[in-house]
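Proteins get letters first, then strands, A, B, ... in listed order; numbering begins at 1 in each.
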Amino acid sequence: MGDILSKYDILGAFGLTVYLAVFSAIGSLVLGTLVAVMRVSPVSVLRLLGTWYVNIFRNTPLTLLMVFSVLGMTYILGLNLDPSDIKGNATRWAIVMLSIYHAAFVCEALRSGVNTVPAGQAEAARAMGLTFGQSMRHVLLPQAFRGAIAPLGSTLIALVKNTTVAAVIGVAEAANLMAVIIENETGALAVFVIFAVGFVILTLPLGLLFTSMSRRLAVKR
Amino acid sequence: MTEPLVVLKDVNKHFGDLHVLRDINLTIGKGEVVVVIGPSGSGKSTLCRTINRLETFESGSITIDGNALPEEGKDLARLRADVGMVFQSFNLFAHKTILDNVTLGPVKVRKASKSAAEKRGMELLERVGVAQQANKFPAQLSGGQQQRVAIARSLAMEPKVMLFDEPTSALDPEMINEVLDVMVGLAREGMTMVVVTHEMGFARKAANRVVFMADGQIVEENEPEGFFTAPRSERAKDFLGKILTH
């Protein structure tokens, strides 16, 4: 056991997991917000595009997106995000695909948040002469985010665990290292436990944080 | 009548099969206070909301200060900035403080500086009597206080005309007067106002004209004294008979 801990860089692998999670979280929040705005906009073409986005990416397996990023985007279409380093390319594509995939869930969480905002808030914003963009930014989205904190938390926790799918394209994050260790060493059960505990350490505080935030930031009406 | 500010011409609107506005013709002059009354479902709230296009309409035209209402987008937003609106359910921005509610419009729409908007905002809050609450959130205020803040929020935009959509209907009885007092004050200062209300006392005290609506039509228009003491139409007599006997 101590043997395994000294021979393999488990902390480094979890470091990469955290790296993937942080950048994908930022990417999916930004992209998901954009798609959510499209889905509630008054322009029907944008609404349709937003709906398509969610339906396509929410219903595609993440593994498939990951494999497509390397086999399809990199090898066939030649879109290499890091030509100097094959591992770097995979890591960047993993972040892109994690962002795209979870943006669909962020969008739906936010849309449920928008539904917690009474219609009168948007009417008051429009009646005072705010444009659609301004009433989104200053009135609707701030309240929608507060109403959506709990489902956004679930989405981000799922994102942390879904970083493990990046193992299929050779990104050396925690699950990838776990597969390597199990291949080379005995005592698979202990290895499982180590990695399971690692993920609990990452996600449990996240859950507690979001629960307390959803309580503290709730909009009082 | 003074120079016309809001002109509705042959306005028609349906909600599905229901013909809520039938050939509405109404002209509101600068500085005039028009009170719209009528039984529930008569279309008076819809009329009020149509003037700043919170409700669309199918035919006819509405002009404000000579400009026709634009369809959508930035032009409509610009026109709405000149039309204040006070809602039945206050609709203060729940995540912003009282002062931020009052300064949002001037800063974002009128591009006023934050300090100037805050100074003006505090003056307006002072005027409606809620300056001590400036840093609280809407949910911490009483209904009457919230509605007075909503009036201050509209005034901060320096509107040409203000629409009141049943401003006292959601209030406890003891809070109605504090809101009406502010509105009477505004009327005295020459603000152009369209007020949908059930407060007959306000109509008598502050209105230049009473418009009586029933079934989507304007049935009768008159100055308040004449309307309340000698209504001409059967529909108005019936309505007044029901509400003034208690």
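- Side-chain contact annotation: B/Ser45 with B/Asp165, donor-acceptor N/O pair under 3.5 Å present.
- Of the atoms belonging to A/Val139, heavy atoms from both backbone and side chain fall under 4.5 Å from chain B.
- Contact annotation for A/Glu123: both backbone and side-chain heavy atoms come within less than 4.5 Å of a heavy atom of chain B.
- How far OG1 of A/Thr17 is from CG of A/Leu11: 10.5 Å, rounded to the nearest 0.5 Å.
- Residues of residues 149-162 of chain B lying under 4.5 angstrom from chain A, judged on non-hydrogen atoms, are B/Arg153, B/Met157 by number.
- Among B/Leu69, B/Val7, B/Asp82, the single residue meeting the side chain to side chain contact (heavy atoms under 4.5 Å, CB included) criterion with B/Ile64 is B/Leu69.
- Partner of B/Gln145 under the side chain to side chain contact (heavy atoms under 4.5 Å, CB included) criterion, out of B/Gln140, B/Met175, B/Gln133: B/Gln133 alone.
- Looking at A/Ala122, neither its backbone nor its side chain comes within 4.5 Å of chain B, counting heavy atoms on both sides.
- With salt bridges taken as basic N to acidic carboxylate O contacts below 4.0 Å, one links B/Lys114 and B/Glu118.
- Using a 4.5 Å cut-off between heavy atoms, B/Leu76 makes no contact with chain A at all.
- Screening residues 82-131 of chain B for ring-ring contact (aromatic ring centres under 6.0 Å, His included) gives no qualifying pairs among residues at least two apart or on separate chains.
- Other residues, nucleotides and ligands contribute at most 12 non-hydrogen atoms within 6.0 Å of the CD atom of B/Glu71.
- In this structure, chain A has no heavy atom under 4.5 Å from any part of B/Arg110.
- Between A/Phe199 and A/Phe195, the ring centre distance reaches or exceeds 6.0 Å.
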